[in-house]
Number of protein chains: 2
Amino acid sequence: MSEKHNHPKDEEHHDHDHCVESALQTAEALCLEQGQRLTKVRRRALELIWESHRPLGAYQLLAKLAEEGFNSAPPTVYRALDFLLGAGLIHKVESMNAYLGCAHADRAHKGYFLICDECHNVMEFDYQDIHASLIDKAKKQGFELRAETIELTGLCATCKSAGEAAKKAAKDKS
Amino acid sequence: MSEKHNHPKDEEHHDHDHCVESALQTAEALCLEQGQRLTKVRRRALELIWESHRPLGAYQLLAKLAEEGFNSAPPTVYRALDFLLGAGLIHKVESMNAYLGCAHADRAHKGYFLICDECHNVMEFDYQDIHASLIDKAKKQGFELRAETIELTGLCATCKSAGEAAKKAAKDKS
DNA sequence: ACAATCCCGTTATACTATAACAGGACGGAG
DNA sequence: CTCCGTCCTGTTATAGTATAACGGGATTGT
């Protein structure tokens, strides 16, 4: 029910290139299906977002695109981002002003995130029971739900143990 | 378990001045208890946020403060906001870059929001069972939770029925 | 080929937030 | 009371995020 995503450690465990490629394939299929155009900028933007191991800021992405000869003005990147967001191919992490490849673009889902304050890695998880509760809850208020922003921040397991180790070392020293 | 908050319609139903006053009292008590100083700017900022009927942007707040003779440079307002956020007296609505009085500062809670895309009103609700699930979920991943951003956007009951009425009228006309 | 639409280039600007340093107010120790 | 340290504020400058507006070029369907 939960899925690790974009964590550097994962590089050891999976072929990240394959992730990117698969995301691109999904994107192409989706666009074809919906009569949308996955243009060069959009396609490359999506690739770059996926290649990054953590959420990418709009201007970081813009810089990368510029390096490759794309236009370097902000609207370029924001247009691409808007398109990808609209197609459900990426998510915006509101609390970071950053953008992340969507791990489940091929099926209906909502993106819930666990964000580490320390290393800024993000795990996306898909939590159907909470989703159902939220919908139900909103409906009871006569509220028609369109989007959910669920962002949990804190310390990931790795940083937590690193922090505890550092603390212990400092204590031993004193 | 849920509580309407800051909705214009509520003006008919409750004495908003009382809300503001009560929030201020809570704030004073809290600061006293924690040895924090609720200075003039901070106090006035909190009041203005509460007086507003929807989330207030930092620069909107700054403008109001400036009108009243406070310093008009951004750090003034961001410092006040940081303080109030830290004390748990207000929330930041990440998806709007705006700030909202916290309805339950006097007890431990997390702020979950229902945000209307149309009228931009926000209802805060307090949803203990979801909170518990999220904590549990994070813990299972070895993740130590620090903060939660739960923002649901869509159409509130009022705007929904207004929208449907408008649609119907358009249809009748054609 | 034509029109309609969608996409992109470009310039300018709005909006959101923080860095850095100096001075002043406040509270507690002596 | 006064000195000291700390917390708060004033001020200037700048970083970072996002959109408006307009014109031109590409694409698609007819």
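Residue numbers start from 1 in every chain, and the chains themselves are labelled A, B, ... in the order their sequence lines are given, proteins ahead of strands. As the structure is a prediction and not an experimental result, all values here were calculated from the model. In what follows, every heavy atom counts, from backbone to side chain, and hydrogens, waters and symmetry copies are set aside.
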Can you name the side-chain contact (heavy atoms from CB on, under 4.5 Å) partners of B/Tyr59, sequence neighbours left out? B/Leu62, B/Pro74, B/Tyr78

Counting side-chain heavy atoms from CB outward, which of D/dA18, C/dA17, C/dC8 is closest to B/Lys92? C/dA17

If you take any heavy atom closer than 4.0 Å to DNA chain D, which residues from residues 57-71 of chain B end up in contact? B/Asn71

Heavy atoms only, 4.0 Å cut-off, all strands: where does A/Lys40 land among base, sugar-phosphate and nothing? nothing

For residues A/Glu47 and A/Leu24, report the shortest heavy-atom separation together with the two atoms involved. CG-CD2, 3.5 Å

Whole angstrom value for the distance that separates P of D/dC8 from CG of B/Leu84: 12 Å

For B/Asp82 and D/dT9, what is the distance between atoms CG and P respectively, to the nearest whole Å? 12 Å

What are the residues of residues 72-81 of chain A, sorted by number, that bring a heavy atom to within less than 4.0 Å of DNA chain C? A/Ala73, A/Pro75, A/Thr76, A/Arg79

Just jot down the side chain to side chain donor-acceptor pair (under 3.5 Å) partners of B/Glu94, sequence neighbours excluded, or say none. none

What is the distance from atom CH2 of A/Trp50 to atom NE2 of A/His53, rounded to the nearest 0.5 Å? 10.5 Å

Please tabulate, for the side chains in residues 63-71 of chain A, all donor-acceptor contacts under 3.5 angstrom to protein atoms that are two or more places apart in sequence or on a different chain.
unit_1  : atom_1 : unit_2  : atom_2 : d
A/Glu68 : OE1    : A/Arg44 : NE     : 2.7
A/Glu68 : OE2    : A/Arg44 : NE     : 3.3
A/Glu68 : OE2    : A/Arg44 : NH2    : 2.9
A/Asn71 : OD1    : A/Ala73 : N      : 3.1
A/Asn71 : ND2    : A/Thr76 : OG1    : 3.4

Give the B/S/- string for nucleotides 24-30 of chain C, one per nucleotide from 5' to 3', where a protein heavy atom under 4.0 Å of the base yields B, of only the sugar-phosphate yields S, and otherwise -. --S----

To the nearest angstrom, the CG-C1' distance between A/Leu56 and D/dA18 comes to 16 Å

Sequence neighbours excluded, which residues qualify as side-chain contact (heavy atoms from CB on, under 4.5 Å) partners of A/Ala138? A/Phe143, A/Leu145, B/Leu114

Could you go through residues 29-40 of chain A and list every donor-acceptor pair under 3.5 Å that involves a side-chain atom there, pairing it with any protein atom two or more places apart or in another chain?
none

Report the nucleotide, chosen from D/dT9, C/dC8, D/dA18, that has the shortest atom-to-atom distance to any side-chain atom of A/Tyr99. D/dA18

Return each pair, listed once, that meets salt bridge (Lys or Arg N to Asp or Glu O under 4.0 Å) where at least one residue sits in residues 75-90 of chain A; pairs must be two or more places apart or across chains. none

In whole angstroms, how far is the P atom of D/dT28 from the CD atom of A/Gln34? 17 Å

Mind calculating the distance between CG (A/Leu38) and P (C/dC7) to the nearest angstrom? 11 Å

Do any side-chain nitrogens or oxygens of B/Asn97 fall under 4.0 Å of OP1 or OP2 in C/dA17? yes

Using atom CD of B/Glu94 as one end and atom C1' of C/dT16 as the other, report the distance to the nearest whole Å. 12 Å

Partner residues of A/Glu151 under the side chain to side chain donor-acceptor pair (under 3.5 Å) criterion, sequence neighbours left out: A/Ser95

What residues form a side-chain contact (heavy atoms from CB on, under 4.5 Å) with A/Glu118, not counting sequence neighbours? A/Cys116, A/Leu155, A/Cys159

By side-chain contact (heavy atoms from CB on, under 4.5 Å) - contacts of A/Ser133 (at least two apart): B/Tyr127, B/Ile130

